[in-house]
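Report on one structure; see the data block that follows.
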Amino acid sequence: MALAIGMLFLLILTIIGLTAVRSTTQQARMAGNYQFQNAAFQAAESALRGFQREARTNPAASTNALNIAINAGTGGTGLSRTYNLGGGVTSSATMVYRGEGIMDEFSLDGKSAAQRFRIVANSTITNTNAQAQHELGLERIGPSAGLN
């Protein structure tokens, strides 16, 4: 009788131990997936910030990211950048010119305009399913280029 009770307790302890191992393994996978997803999120944000930095650099130059996107025209392919952040993390971003509109509330003479841009950033991490996509609207306010 003692042997049977001992075997029953041993079986119960084995089941509890296997359940604990399975739970720990699953939690480790979830933590890893969260970490990969967070890295993908940060990579997409980095691509957006890269375009923002380019937009602020020498705004009148023809090499400025905004001016390049404008030259591609509305509905064009825009300007694309790819960033390799190491560790299998890559991100890419595309800026597209969306057009120009009068900004009456910013100008007394009605001749100021907002040039509108859309930036879409995608990031992936190799060998995982982690990916992220972020969008950002950007406006540059200044003299109207083509509006009366």
Side-chain angles (χ1 to χ4, degrees), residues 1-107 112-142 144-145:
M1 189 67 166
L3 182 61
I5 292 173
M7 293 295 282
L8 182 62
F9 280 132
L10 186 58
L11 179 63
I12 292 171
L13 288 176
T14 302
I15 291 172
I16 291 171
L18 289 174
T19 303
V21 168
R22 184 178 301 152
S23 175
T24 302
T25 303
Q26 186 176 13
Q27 288 177 6
R29 284 185 189 157
M30 290 183 340
N33 288 340
Y34 176 77
Q35 188 175 15
F36 288 135
Q37 192 61 41
N38 188 36
F41 175 88
Q42 297 300 334
E45 286 291 312
S46 293
L48 291 178
R49 301 302 168 238
F51 260 125
Q52 282 183 315
R53 276 191 303 279
E54 284 188 57
R56 286 188 204 111
T57 305
N58 201 3
S62 62
T63 56
N64 179 275
L66 300 178
N67 296 330
I68 293 171
I70 289 170
N71 289 335
T74 57
T77 57
L79 175 64
S80 295
R81 297 279 189 263
T82 301
Y83 305 93
N84 185 356
L85 304 173
V89 181
T90 57
S91 63
S92 62
T94 302
M95 179 188 296
V96 177
Y97 179 56
R98 304 283 304 243
E100 184 177 279
I102 294 176
M103 299 296 294
D104 292 329
E105 61 271 11
F106 288 104
S107 174
S112 290
Q115 297 169 325
R116 294 178 176 93
F117 302 87
R118 179 174 173 236
I119 305 170
V120 178
N122 295 295
S123 65
T124 58
I125 301 178
T126 55
N127 300 325
T128 70
N129 289 328
Q131 55 188 346
Q133 179 177 11
H134 294 247
E135 295 185 24
L136 176 69
L138 187 67
E139 290 185 340
R140 177 168 62 178
I141 299 172
S144 174

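The model shown is predicted, which means the values in this text are computed figures rather than measured ones.
- Atom-to-atom distance recorded for Ile5:CD1 and Leu10:CG is 13.5 Å, nearest 0.5 angstrom.
- Here the closest heavy-atom approach between residue Ala132 and residue Gln37 is recorded as CB-NE2, 4.4 Å.
- Listed by chain and residue number, His134 satisfy the ring pair (Phe, Tyr, Trp, His ring centres under 6.0 Å) test with Phe41 (two or more places apart in sequence, or in another chain).
- Applying the salt bridge (Lys or Arg N to Asp or Glu O under 4.0 Å) test to pairs two or more places apart or on separate chains, those with a residue in residues 117-129 are Arg118-Glu135.
- Rounding to the nearest 0.5 Å gives a distance of 11.0 Å between CZ of Arg98 and CD of Glu139.
- Listed here is the closest heavy atom pair of Leu66 and Phe117: O-CE2, 3.6 Å.
- The distance from atom CD of Glu100 to atom CD1 of Ile70, rounded to the nearest 0.5 Å, is 7.5 Å.
- Using a 3.5 Å distance cut-off with no hydrogens or angles, the side chains of Ser80 and Thr94 do pair a donor with an acceptor.
- In this structure, the separation between CG on Leu3 and CG on Leu8 is 11.5 Å, given to the nearest 0.5 Å.
- Shown here is Tyr83, whose OH atom has more than 12 heavy atoms of other residues, nucleotides or ligands within 6.0 Å.
- Among residues at least two apart or in separate chains, there is no ring-ring contact (aromatic ring centres under 6.0 Å, His included) pair with a member in residues 5-35.
- In terms of modelled atom types and a separation under 3.5 Å, the side chain of Gln133 and the main chain of Ser123 share no donor-acceptor contact.
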Per-pair distances, 0.1 Å, donor-acceptor, side chain in residues 17-26, under 3.5 Å, sequence neighbours excluded:
unit_1: Thr19; atom_1: OG1; unit_2: Ile15; atom_2: O; d: 2.8
unit_1: Thr24; atom_1: OG1; unit_2: Ala20; atom_2: O; d: 2.8
unit_1: Thr25; atom_1: OG1; unit_2: Val21; atom_2: O; d: 2.9

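- Taking OG1 from Thr126 and CZ from Phe36, the interatomic distance works out to 9.0 Å, rounded to the nearest 0.5 Å.
- For residues 40-67, the pairs satisfying salt bridge (Lys or Arg N to Asp or Glu O under 4.0 Å) are Glu45-Arg49, Glu54-Arg81, with sequence neighbours left out.
- Scanning both residues, Thr57 and Asn64, for their nearest heavy atoms gives O-ND2, 2.7 Å.
- Two residues are said to be in side-chain contact when any heavy atoms from C-beta on lie closer than 4.5 Å; Leu79 and Tyr97 fail this criterion.
- With sequence neighbours left out, Val89 forms a side chain to side chain contact (heavy atoms under 4.5 Å, CB included) with Ala43, Leu85, Ile125.
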